[in-house]
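Since the model is a prediction, treat every value here as computed from it, not as a measurement. Remember, it's 1-based here, ligands and their atoms both numbered in the order they're listed.
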Amino acid sequence: EKGTYPHYMLKEIDEQPLVIRNIISKYQDENGEVKLDENIRNAVNAADRIYIIAAGTSYNAGLVGKQLIENIAKKPVETHIASEFLYNMPLISKNPLFIFISQSGETADSRGVLVAVKKLGYPALTITNVPGSTLSREADYTLHTYGGPEIAVASTKAYTAQMAVLSLLAVDSAKAQGFELDFDPIKELSIVATVMETLCDQKEALEKIARDYLSVTRNCFFIGRASDYYVVLEGALKLKEISYIQAEGFAGGELKHGTIALIEKGTPVFALATQEHVNLSIRGNVKEVAARGATPCIISLEGLNFEDDQFVVPKVHEYLTPLVTVIPMQLIAYYAALHRGCDVDKPRNLAKSVTVE
Ligand code: M6R
């Protein structure tokens with residue numbers, strides 16, 4: 001039930017700290033160490049390459065998952081859109097592991113790939129919010145995201161839960177391979193939960209940003225580099241599906257290769273700036289669009305922020321930054337849809353689980 005909340009989406013955004021804490025407790029052993037099921041650990045470690053398959057928001061989580069697994073567990077990962085995978089199948093490595101990410105566990109596009117790879121005899125793991133769902137039953141292994149029911153069509157807590165579980169999968173695999181970790185994953189995820197709370201308490205500021213930037217616009221852009229790029233793809237998807245504003249996520253450096261032609265006076269451009277190595281270059285992209293009349297909104301990370309940034313996110317471990325930076329984007333999308341009188345929980349033309357190909 002949504003209780004005192006006007007919409008499920010807002011309730012589900014607010015539930016994210018709790019979901020992260022749930023995940024921490026479910027994937028911890030009695031000594032406080034990250035621990036996955038042994039069969040899953042073995043399957044991950046037997047793989048010479050991981051293929052992540054998913055759709056929509058779950059695909060966006062898979063992009064971050066690729067970085068987590070490659071950085072922490074040092075295993076090569078490819079992330080693919082489920083609906084395209086079979087048309088343009090990459091060469092498959094000798095010992096692949098297929099990981100399906102799906103909130104509902106019912107997405108037909110993902111299931112199509114699962115059926116095909118099972119026919120080829122490859123092992124499959126499903127990361128889902130619904131154990132017992134089709135994708136969970138038909139895969140060899142399941143990891144539960146413990147998000148609780150997600151009712152709003154726009155996925156929020158499932159996305160952050162998926163990334164949290166992917167980070168633990170990466171940590172578990174790193175440990176099994178004998179790698180020394182230079183951070184405490186449980187502690188860092190707990191910090192994430194606390195920062196999520198701080199962000200959920202800043203609704204007024206985010207509602208104001210939505211009002212100032214998105215009340216009347218027809219379109220808008222989201223830009224970021226490196227892992228911020230993956231998060232802006234999610235920010236744009238969130239905004240377009242519930243507010244019907246045409247929103248595109250772009251890699252900061254790619255804009256000048258065509259899309260910058262769309263920038264007009266007053267076009268809102270949200271820029272995510274949370275990583276030191278790209279801080280100046282993404283800010284350079286902001287200058288480029290501002291010079292062409294855009295109205296930029298910079299969301300940055302504490303410590304890397306400049307004086308005029310519109311919103312600053314507290315610092316968390318660099319690998320886990322996407323789990324917190326998405327929250328302002330979710331809330332901005334929520335308020336933009338609300339102000340424009342849209343049906344936030346049930347946007348037009350969309351279903352919660354997409355069971356047709
Ligand atoms: O249930 P799934 O995670 O497999 O669903 C995949 C997409 O249909 C889903 O993430 C969709 O993009 C959401 N409406 C996004 O908010």
Just to confirm my output: which protein heavy-atom neighbour is closest to [atom], and how far is it?
| atom | value |
| --- | --- |
| atom 10 (O) of ligand 1 | Thr57 N, 3.0 Å |
| atom 1 (O) of ligand 1 | Ser104 OG, 2.7 Å |
| atom 5 (O) of ligand 1 | Thr107 OG1, 3.5 Å |
| atom 6 (C) of ligand 1 | Ala55 O, 3.3 Å |

With distance as the sole criterion, is a donor-acceptor pair present between the side chains of [X] and [Y] under 3.5 Å?
| X | Y | value |
| --- | --- | --- |
| Thr355 | Glu106 | no |
| Asp14 | Tyr5 | yes |
| Thr57 | Gln103 | no |
| Glu150 | Asn129 | no |
| Arg49 | Asn95 | no |

Under-4.0 Å salt bridge between Lys74 and Glu70: no
Salt bridge flag under 4.0 Å for residues Glu288 and Lys256: no
Polar-atom distance check: [X] versus ligand 1, any N or O pair below 3.5 Å?
| X | answer |
| --- | --- |
| Glu241 | yes |
| Lys238 | yes |
| Val153 | yes |

Nearest atoms (heavy-atom pairs only) where Ser155 meets Glu234: O-OE2, 3.8 Å
Non-hydrogen atoms of Leu214 and Arg340 that approach each other most closely: O-NH1, 2.7 Å
As an exercise, identify every atom of ligand 1 less than 4.0 angstrom from a heavy atom of [X].
| X | result |
| --- | --- |
| Ser102 | 1 (O), 2 (P), 3 (O), 4 (O) |
| Gly56 | 10 (O), 12 (O) |
| Ser58 | 2 (P), 3 (O), 10 (O) |
| Ala154 | 16 (O) |

Closest candidate by heavy atom, reference atom 8 (O) of ligand 1, pool Ile53, Val354, Thr126: Val354
Residue part near ligand 1, for Glu106, under 4.0 Å between non-hydrogen atoms: neither
Proximity flag Ser110 to ligand 1, non-hydrogen atoms under 4.0 Å: no
